[in-house]
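Structure first, commentary second.
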Amino acid sequence: MLVVGAAASLTGAQSVGSTDEVRAVVADMLADADSRTSLLASESGHDGKFFLASDDGNFRLNFDGLIQFRYMANFRSDDNANEFEHGFQSQLTKLRFSGNVVNSNWFYNIEANFLHDGGTLTLEDAFVGYKFSPEWAMTWGQFIAPVLREWMMDDRYNLAASPSITQSAFNHGRSQGVALSYTGNDFLVVGAFTDGASTQNSDFTSAVEADWSLTGRAAWKMAGDWAAFDDFTSFKGSKFAGMLGGAVHYQGSSNTSAITDTDSKVLLYTVDAQLEGDGWNAWGAFIGRNIESRSMGSDGDTDDFGVVVQAGLFISEKDELFARFDSVIPDSDRAGDPDPFSTLTVGYNHYFARHAVKFVADMQYCFDAIVDTAAVVTDNDTGLLGDVDDGEIILRAQFQLMF
């Protein structure tokens with residue numbers, strides 16, 4: 001054996017040494033060889049994600065990441081202090097660890113993002129879960145609550161460079177809590193009990209957390225496979241798939257003993273539908289939100305609504321054209337009698353290697369002035385800087401790489 005031969009050479013080169021010492025050297029070398037053999041017996045590679053797994057698959061670590069780098073240009077009327085803003089942005093730089101332990105039923109996911117403003121590494125998802133059966137699973141930790149379909153879509157698989165402004169206006173954010181899900185052949189149901197909207201990385205004593213928060217989502221798959229709805233596009237050769245879904249979220253505000261507290265309850269609801277086929281796709285959603293506020297000497301209720309409709313069409317195997325219209329319709333009872341805020345986005349995708357290497361170029365036109373609405377704010381993620389007049393234009397050119 002190679003190990004024994006090496007040990008013999010070692011003893012021959014040493015003028016001083018006992019038989020016990022030689023045996024100890026051989027034992028150490030054999031132990032090292034066993035550990036290396038065990039490592040070689042495990043599995044590693046890339047099957048969509050880089051992974052390291054035990055030979056039986058009971059323990060598996062996936063590692064993947066996302067880089068989205070873009071150029072943005074914003075054009076506004078000359079009534080603004082700055083008519084033109086442009087520059088580069090590291091929109092998303094994400095790292096993710098996922099996999100299973102003990103067996104395939106116990107799973108986990110940890111995802112962090114280097115923020116484009118400052119580069120701070122921020123925890124986004126951090127959850128574990130257990131599959132009771134192929135249909136039933138429970139998840140606990142920090143995750144995106146199952147409310148808005150566009151926000152639930154992984155950043156890697158959006159149609160445009162960024163989600164719609166309407167999604168940003170109603171964005172539920174991430175929550176901390178527990179969720180129970182059922183995924184059958186044609187139906188999906190999820191229920192969650194969480195700390196409430198936008199409680200990412202908050203402590204249990206934080207004032208941003210709701211007293212209570214409940215979320216439910218259901219979906220009916222009328223055709224195709226569930227995997228077809230992991231993204232918003234549909235490559236040439238894909239089979240027809242269709243899904244109809246809806247969700248309701250209800251939460252109460254965090255209260256203290258202070259008599260100046262404002263007691264608010266938020267009801268967020270949505271219905272959405274997705275269709276796709278051989279090189280074409282369509283998706284749309286209606287969103288509603290009721291905010292009920294009660295405080296000393298003041299009561300109020302507001303109802304805001306939103307609409308998003310988008311579609312895409314492949315003009316070749318790797319080239320796709322798309323368009324999206326979205327609108328935020330604020331309650332007319334809000335101060336100043338605000339107007340709706342609507343945008344039209346048109347764009348082009350080139351898939352070098354599907355979503356793994358992708359280029360997006362789009363233009364977003366704002367039909368309304370942000371100063372005339374009360375439910376939309378400026379957002380560097382979408383490129384909306386705000387115009388005192390209508391006609392703001394946002395150009396984005398983005399390169400995406402997944403590994």
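Numbering of residues begins at 1 and proceeds along the displayed sequence.
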Exercise. Using a distance-only test with no angle check, is there a side-chain donor-acceptor pair under 3.5 angstrom linking His116 and Asn380?
Worked result: no
Exercise. Can you find a side-chain donor-acceptor pair between Asp331 and Thr302 that sits under 3.5 Å?
Worked result: no
Exercise. Would Asp231 and His355 satisfy side-chain hydrogen bond (donor to acceptor under 3.5 Å, both in side chains), going step by step from the backbone distance to the final call?
Worked result: CA-CA 9 Å; Asp231 61 11; His355 294 290; 2.9 Å; yes
For this session: Among residues two or more places apart or on two chains, list those pairs meeting ring-ring contact (aromatic ring centres under 6.0 Å, His included) that have a residue in residues 366-389.
Result: Tyr365-Phe367
For this session: Would you please test Met222 and Leu244 for side-chain contact (heavy atoms from CB on, under 4.5 Å) and show each step?
Result: CA-CA 8 Å; Met222 62 188 80; Leu244 178 66; 4.2 Å; yes
Problem set entry | Passing option when Lys94 is tested against Asp64, Asp155, Asn113 for side chain to side chain donor-acceptor pair (under 3.5 Å) | Asp155
For this session: Mind jotting down which residue pairs meet the side chain to side chain donor-acceptor pair (under 3.5 Å) criterion with at least one end in residues 315-329? Sequence neighbours excluded, please.
Result: Thr166-Asp326, Thr233-Glu320, Asn281-Glu320, Ser316-Asp319, Asp319-Tyr348, Asp319-His350, Glu320-Asn349, Glu320-Tyr351, Asp326-Thr343, Ser327-Ser342
Does the ring of [Y] carry [X] above it, NZ/CZ under 6.0 angstrom from centre and within 45° of its axis?
{"X": "Arg96", "Y": "Phe63", "answer": "no"}
{"X": "Arg60", "Y": "Phe51", "answer": "yes"}
{"X": "Lys131", "Y": "Trp136", "answer": "no"}

Exercise. Of Leu267, Thr215, Leu214, Thr270, which is the lone residue that meets side chain to side chain contact (heavy atoms under 4.5 Å, CB included) with Val248?
Worked result: Leu267
For this session: Could you tell me whether Asp278 and Lys236 have a side-chain N and a carboxylate O separated by less than 4.0 Å?
Result: no
Problem set entry | Evaluation steps, side-chain contact (heavy atoms from CB on, under 4.5 Å), between Lys221 and Phe229 | CA-CA 10 Å; Lys221 178 174 63 66; Phe229 310 109; 3.9 Å; yes
Exercise. Asp230 and Tyr157: which non-hydrogen atoms are nearest, and at how many Å?
Worked result: O-CD1, 3.3 Å
For this session: Test Ile110 against Glu124 for side-chain contact (heavy atoms from CB on, under 4.5 Å), laying out the working first.
Result: CA-CA 8 Å; Ile110 301 173; Glu124 292 190 341; over 6 Å; no
For this session: Flag yes if more than 12 heavy atoms outside Asp47 fall under 6.0 Å of its CG atom; otherwise flag no.
Result: yes
Exercise. At what distance, to the nearest 0.5 angstrom, does OG of Ser168 lie from CG of Leu384?
Worked result: 8.5 Å
For this session: Show your reasoning for whether side-chain contact (heavy atoms from CB on, under 4.5 Å) applies to Thr183 and Trp226.
Result: CA-CA 9 Å; Thr183 306; Trp226 287 114; 3.8 Å; yes
Problem set entry | side-chain hydrogen bond (donor to acceptor under 3.5 Å, both in side chains) between Gln274 and Arg149, intermediate numbers included | CA-CA 10 Å; Gln274 183 173 349; Arg149 175 87 171 104; 2.7 Å; yes
Exercise. Parallel, tilted or perpendicular for Phe84 and Phe75, by the 30°/60° rule?
Worked result: tilted
For this session: Specify whether Phe305 and Phe286 have parallel, tilted or perpendicular ring planes, treating 30° as the upper limit for parallel and 60° as the lower limit for perpendicular.
Result: parallel
Exercise. For the ring-ring contact (aromatic ring centres under 6.0 Å, His included) test, which of Phe359, Phe88, Phe399 pairs with Phe69?
Worked result: Phe88
